[in-house]
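A short write-up of the structure that comes next.
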Amino acid sequence: MIAAAGLLAVHNKTILILGGTRDARDLAAALNENYRVITSLAGRTKSPKMPAGELRVGGFGGAKALADYLVSEKIDILVDATHPFAATISRNAAEAATLANIPRIMLQRPPWQAGAGDHWEEFPDLQAAAMGLKSNTRCFLTIGRQELGAFKARENIWFLVRMIDAPTTPLSLTNHQVITGLPRASTDDEKKLMQTHKIDTLITKNSGGALSAAKLDAARELGLKIMMIQRPQVPEGDVVETVAAVERWLVNH
Ligand code: NAP
């Protein structure tokens with residue numbers, strides 16, 4: 001009897017997943033059978049992969065507006081499964097969950113670690129990496145499109161810029177070429193790309209995860225320098241690394 005009542009309570013919960021990552025999609029798929037699941041996307045990419053359950057797209061308008069949404073949509077639990085570098089929405093999520101008085105957990109995949117044969121230099125942010133970049137290098141930038149401005153003063157560098165969708169306005173970089181698409185899954189493909197463009201330095205955020213790790217293997221095999229941007233701090237509160245860990249946490253909330 002007690003178990004059945006507990007199960008019924010679980011089925012009635014509504015969970016808001018702040019998404020935009022593979023982990024968020026995996027989580028929505030795992031929870032969709034037992035909960036009402038709504039995934040929220042910022043709307044950054046033209047054709048995002050669809051999560052299981054319900055979907056809403058676009059910013060909320062800040063922490064207070066997110067709190068209002070949590071209340072009006074009767075959200076019971078907030079899961080922040082956004083990208084490790086999406087620091088603003090994570091801060092807003094923490095504040096909103098407090099305002100709405102609901103539990104919140106963060107799902108963040110573990111960061112990459114340098115291993116044998118890697119030539120990593122770590123930087124706290126993109127501005128520091130831009131300052132630390134040696135003149136006359138050929139640099140592969142895999143940081144998305146929003147923060148390319150950090151490199152605009154570096155006129156004596158050539159950049160290969162990879163982004164998911166083609167830019168709609170000219171980039172602020174002087175010498176560059178844009179390639180569109182997701183990171184290549186195969187190390188050989190990433191190696192070929194780096195060799196074709198005579199890349200000597202890779203700049204990347206420490207996103208972690210397997211989906212975009214082939215570029216790190218390629219850079220290691222080619223002996224290239226990696227300028228690794230460290231993650232921003234996460235707000236205080238529970239943080240787990242896997243979908244299964246979120247599921248275990250949910251049982252207690
Ligand atoms: P952000 O800077 O933390 O968020 C900026 C604003 O976007 C938020 O204040 C919020 O607007 C809205 N927002 C973000 N995520 C949302 C969500 N899931 N649902 C609804 N609204 C959301 O995040 P970001 O602009 O998305 O990205 C910041 C950094 O993370 C960038 O450096 C980007 O390259 C990186 N990123 C990488 C990936 C990837 O897959 N590689 C994916 C996402 C982000 P309101 O304040 O109006 O609510």
Side-chain angles (χ1 to χ4, degrees), residues 12-32 35-109 124-127 143-150 152 163-172 205 207-209 229-240 243 246 249-250 253:
N12 287 335
K13 300 274 185 210
T14 300
I15 298 182
L16 178 66
I17 300 175
L18 297 173
T21 59
R22 163 80 185 267
D23 290 334
R25 280 198 307 281
D26 289 347
L27 183 66
L31 300 182
N32 193 41
Y35 301 87
R36 176 179 175 225
V37 175
I38 305 172
T39 294
S40 171
L41 299 178
R44 303 264 179 265
T45 51
K46 268 199 242 157
S47 317
K49 291 186 180 139
M50 286 298 127
E54 298 168 41
L55 178 68
R56 68 158 301 285
V57 180
F60 295 93
K64 173 74 176 62
L66 174 52
D68 292 344
Y69 175 91
L70 297 175
V71 174
S72 66
E73 291 299 314
K74 299 186 171 48
I75 305 295
D76 296 295
I77 292 164
L78 179 59
V79 182
D80 174 1
T82 54
H83 190 268
F85 282 82
T88 307
I89 188 68
S90 291
R91 260 196 321 274
N92 289 353
E95 196 181 325
T98 303
L99 286 171
N101 196 25
I102 63 165
R104 172 191 60 94
I105 185 168
M106 286 189 81
L107 169 59
Q108 277 217 338
R109 56 200 178 211
D125 52 39
L126 289 166
Q127 285 69 24
I143 59 163
R145 75 186 137 94
Q146 293 186 79
E147 294 157 285
L148 292 170
K152 73 173 178 220
M163 47 184 78
I164 296 175
D165 297 316
T168 49
T169 51
L171 302 191
S172 49
K205 296 175 179 172
S207 306
I229 313 302
Q230 293 163 326
R231 291 179 174 192
Q233 263 200 327
V234 295
E236 268 188 36
D238 292 344
V239 184
V240 295
V243 166
V246 176
W249 182 92
L250 285 171
H253 291 81

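For the single chain, residues carry numbers from 1 onward in sequence order.
- The aromatic rings of Trp249 and His253 lie parallel to each other, their planes meeting at an angle below 30°, with 60° marking the opposite boundary.
- The closest side-chain heavy-atom distance from Asp80 to Ile105 is not below 4.5 Å.
- With rounding to the nearest 0.5 angstrom, the CG atom of Leu27 is 4.0 Å from the CD1 atom of Ile17.
- Counting non-hydrogen atoms of other residues, nucleotides and ligands closer than 6.0 Å to CZ of Arg109 gives a total above 12.
- Under the 3.5 Å distance criterion, the side-chain polar atoms of Asn92 are left unmatched by any main-chain donor or acceptor of Gly62.
- Across Ser90 and Pro235, no two heavy atoms sit closer than the pair O-CG, 3.5 Å.
- Using modelled atom types, no side-chain atom of Thr82 and backbone atom of Leu18 make a donor-acceptor pair closer than 3.5 Å.
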>> Using the rule given for side chain to side chain contact (heavy atoms under 4.5 Å, CB included), can you reason through Thr98 versus Glu95, listing the C-alpha separation, both sets of side-chain angles and the distance that settles it, and then say yes or no?
In response: CA-CA 5 Å; Thr98 303; Glu95 196 181 325; 5.8 Å; no
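- Inter-residue side-chain proximity for Ile229 and Phe85 is flagged as met; some heavy-atom pair is nearer than 4.5 Å.
- In this structure a side-chain-to-backbone donor-acceptor pair under 3.5 Å is present from Arg231 to Ser207.
- Between Leu148 and Ile143 there is a side-chain heavy-atom pair separated by less than 4.5 Å.
- Taking the side chain as every heavy atom from C-beta outward, His83 and Gln108 never approach each other to under 4.5 Å.
- Using modelled atom types, no side-chain atom of Asn32 and backbone atom of Ala52 make a donor-acceptor pair closer than 3.5 Å.
- The two residues Pro51 and Leu55 come nearest to each other via the heavy atoms CG-CD1, 3.9 Å.
- Inter-residue side-chain proximity for Met50 and Arg25 is flagged as unmet; no heavy-atom pair is nearer than 4.5 Å.
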> Please walk me through it: do Arg44 and Gln146 pass side chain to side chain contact (heavy atoms under 4.5 Å, CB included)?
Replying inline: CA-CA 10 Å; Arg44 303 264 179 265; Gln146 293 186 79; 3.6 Å; yes
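- Taking all atoms of both residues into account, the shortest heavy-atom contact from Gly149 to Ser172 is CA-OG, 3.7 Å.
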> So Val79 and Leu16, side chain to side chain contact (heavy atoms under 4.5 Å, CB included) or not? Walk me through it.
Replying inline: CA-CA 6 Å; Val79 182; Leu16 178 66; over 6 Å; no
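- Contact check for Tyr35 versus Leu250: side-chain heavy atoms found under the 4.5 Å cut-off.
- Nearest heavy atoms, Leu41 versus Gly20: CD2-N, 3.4 Å.
- Proximity of a side-chain donor or acceptor of Arg104 to a complementary backbone N or O of Leu78 within less than 3.5 Å is not detected.
- Between Lys205 and Glu147 there is a salt bridge, with a side-chain nitrogen of the basic residue lying less than 4.0 Å from a carboxylate oxygen of the acidic one.
- Taking every heavy atom of both residues into account, Leu99 and Ala67 meet most closely at CB-CB, 3.8 Å.
- Contact detail for Ala93 and Leu66: the closest heavy-atom pair is CA-CD2, 3.8 Å.
- Residues Ile15 and Ile75 have side chains not in contact (no heavy-atom distance under 4.5 Å, counting atoms from C-beta outward).
- Two residues are said to be in side-chain contact when any heavy atoms from C-beta on lie closer than 4.5 Å; Arg36 and Lys74 fail this criterion.
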> How far apart are the C-alpha atoms of Ile38 and Tyr69, what are their side-chain angles, what is the distance that settles it, and do they pass the side chain to side chain contact (heavy atoms under 4.5 Å, CB included) test?
Replying inline: CA-CA 12 Å; Ile38 305 172; Tyr69 175 91; 3.7 Å; yes
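- Here the CD-CD distance, from Glu54 to Glu73, works out to 8.5 Å after rounding to the nearest 0.5 Å.
- To the nearest 0.5 Å, atoms CG (Leu171) and CZ (Arg145) are separated by 10.5 Å.
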